[in-house]
Amino acid sequence: MPPANWTPDSWRSKPASQQPKYEDPAELDHVLAHLSRLPPLVTSWEVVKLRERLATAQAGQAWVLQGGDCAESFSDCEAEAIASKLKLLLQMSLVLIFGSRQPVIRIGRIAGQYAKPRSSDTETKNNLTLPSYRGDLINHSEFTPEARRNDPQQLLRGYERAALTLNFIRALSEGGFADLHHPENWKLTFVSQRTEHQRYRDLCSSIGHALEFFDAILSQPVPDLQRVDFYTSHEALHLNYEHALTRKSVRDGLWYNMGTHLPWIGERTRSLDQAHIELLRGIENPIGVKVGPTATPEQVIELVRILNPENQPGRITLIHRIGSAKVDQLLPSLVEGVLKSRLNVLWICDPMHGNTVSAQTGHKTRRFDDVLAELRSAFAVHRSVGSRLGGVHLELTGENVTECVGGASGLSESDLHTAYNTTCDPRLNYEQSLEIAFAIADEIRRP
Ligand code: PEP
Ligand code: CO
């Protein structure tokens with residue numbers, strides 16, 4: 001049963017922040033009507049399966065790896081960019097499984113991560129003021145009046161890109177490519193012989209030997225290792241878009257967001273009495289909520305109660321993103337508050353969004369050491385209060401970008417300009433991501 005006083009439209013009577021304004025409401029209505037007739041992108045079975053798997057992570061029996069671009073762009077909806085991201089997440093999950101001896105739940109920030117919150121509705125350059133770029137789902141990043149016009153047609157283009165991306169991911173994860181017997185399929189073309197990659201290759205060869213052993217015992221390839229589960233997630237920001245993909249399941253009569261497996265509520269839109277919470281509280285999906293440095297234990301507890309009145313395990317993933325400088329000070333009371341209230345939540349750490357800084361060169365960047373430091377502190381805080389960190393949320397890409405500084409390859413601020421490709425926040429590149437995966441595996445194994 002949906003919760004009391006909830007309908008798919010009840011969010012409309014609440015204040016909604018971060019919503020684009022459109023010049024032609026009739027055009028928007030027309031697009032939304034079209035969107036709501038198009039087929040779902042995910043099924044209720046998959047959504048329920050993910051919720052159940054997240055409940056196992058909460059119980060300490062699995063680890064969550066959630067990652068992808070800050071903002072996916074429509075122009076990156078290409079075979080190589082999608083496959084590289086999948087390869088990187090598969091490689092990282094292998095490192096984590098091997099290191100932690102636990103299953104890993106893989107969730108991409110992918111196939112729908114097209115809308116971004118902005119601090120201001122407008123941007124001014126050389127005396128020209130235009131609407132801010134809010135992600136490809138809404139407008140274009142170029143600074144011209146045409147590009148910055150909020151265009152309802154982008155909602156349809158976004159849905160289509162999400163469908164194309166998901167179609168390719170599903171095909172890749174179902175067989176051949178994802179077969180653990182052949183991790184060489186996940187090799188990225190540009191990879192050097194640096195330490196992290198060598199460490200990964202050694203790990204693959206150990207896994208290869210173990211599999212040969214079991215294949216020989218079974219007289220056939222170990223069956224369940226020929227495909228992988230892969231789930232999608234994005235920030236449920238654009239309410240009209242998310243509403244158009246909120247559908248009633250014929251199977252159980254319940255409401256699901258069928259545009260993604262795991263929608264999350266961002267740091268800027270988690271106010272208790274607002275529209276984002278209202279729309280998501282009535283759906284069956286597992287829900288992520290970002291929790292930043294201004295959150296109080298009372299707010300978080302109230303938020304979890306509103307979104308999960310039945311205290312169902314697997315329903316709520318709290319994604320803390322506090323910053324390496326403040327995590328030791330602010331995280332303990334949040335985790336303790338939730339623990340004392342006996343609320344079932346899965347905690348995962350986003351060590352990216354509290355650690356964004358400006359480089360001397362003017363680039364928005366993140367220091368690898370800050371990312372790692374926040375993660376390590378998060379492990380320690382959870383351990384010290386008797387909770388458990390159950391996963392990580394990263395901004396990363398399988399491409400060879402230069403957006404975050406540091407890591408084993410020693411990327412410096414003066415390297416940032418060489419491949420700074422993000423349309424929003426800086427992402428970890430392949431080597432930095434793999435290095436983080438090894439560090440996490442070491443932490444999980446620590447008693
Ligand atoms: C994001 O995940 O890209 C983001 C905007 O995060 P937050 O809501 O935590 O700031
Ligand atoms: Co971001």
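As the structure is a computational prediction, the values presented were derived from the model and not from experiment. Start at 1 and go down the list; that is how both ligands and their atoms are numbered.
- Ligand 1 has at least one atom lying under 4.0 Å from a heavy atom of K116.
- One finds a salt bridge joining R446 and E443 here, because a Lys/Arg side-chain nitrogen approaches an Asp/Glu carboxylate oxygen to under 4.0 Å.
- For the Co ion (ligand 2), protein N, O or S atoms under 2.8 Å: 4 in total.
- In this model, a donor atom of one side chain and an acceptor atom of the other lie less than 3.5 Å apart for T232 and T260.
- Contacts between R321 and ligand 1 below 4.0 angstrom, taking non-hydrogen atoms only, involve the side chain exclusively.
- In this structure, the side chain of R445 engages the main chain of G99 through a donor-acceptor pair within 3.5 Å.
- Remark: the E242 side chain and the H234 side chain contain an N/O donor-acceptor pair separated by less than 3.5 Å.
- Looking at K290 next to ligand 1, an N or O pair under 3.5 Å apart turns up.
- The only member of R118, H238, Q154 that meets side chain to side chain contact (heavy atoms under 4.5 Å, CB included) when paired with I138 is H238.
- Of the N and O atoms on the side chains of S73 and T423, not one donor lies less than 3.5 Å from an acceptor on the other residue.
- In terms of polar-atom proximity, Q113 is not counted as a contact of ligand 1, lacking any N or O under 3.5 Å from an N or O of the ligand.
- Relative orientation of the H353 and H393 rings is perpendicular, given thresholds of 30° and 60° on the angle between their planes.
- With ligand atoms numbered from 1 in the order given, ligand 1 contributes 1 (C), 2 (O), 3 (O) to contacts under 4.0 Å with heavy atoms of R109.
- Looking only at atom types and distance, the side chain of S93 has a donor-acceptor partner in the side chain of R106 under 3.5 Å away.
- With a 4.0 Å heavy-atom cut-off, ligand 1 is reached by no atom of M352.
- The shortest N or O to N or O distance between E395 and ligand 1 is under 3.5 Å.
- Between the side chain of N150 and the backbone N or O of E23 there is no donor-acceptor pair closer than 3.5 Å.
- For the residue pair S412 and D415, a side-chain donor N or O sits within less than 3.5 Å of a side-chain acceptor on the partner.
- At least one N/O-N/O distance between E267 and ligand 1 falls below 3.5 Å.
- The backbone N or O of S324 lies less than 3.5 Å from no partner atom in the side chain of D370, so there is not a single donor-acceptor pair.
- For ligand 1 and G266, the ligand atoms under 4.0 Å from any heavy atom of the residue are 8 (O).
- Looking at atom 4 (C) of ligand 1, its nearest protein heavy atom turns out to be H353 NE2, 3.4 Å.
- No side-chain N or O of Y430 forms a donor-acceptor pair with one of E399 less than 3.5 Å apart.
- Of all atoms in ligand 1, numbered sequentially from 1 with element shown, those under 4.0 Å from a heavy atom of C70 are 3 (O).
- Checked against a 3.5 angstrom limit, the closest N/O atoms of R268 and ligand 1 fall inside it.
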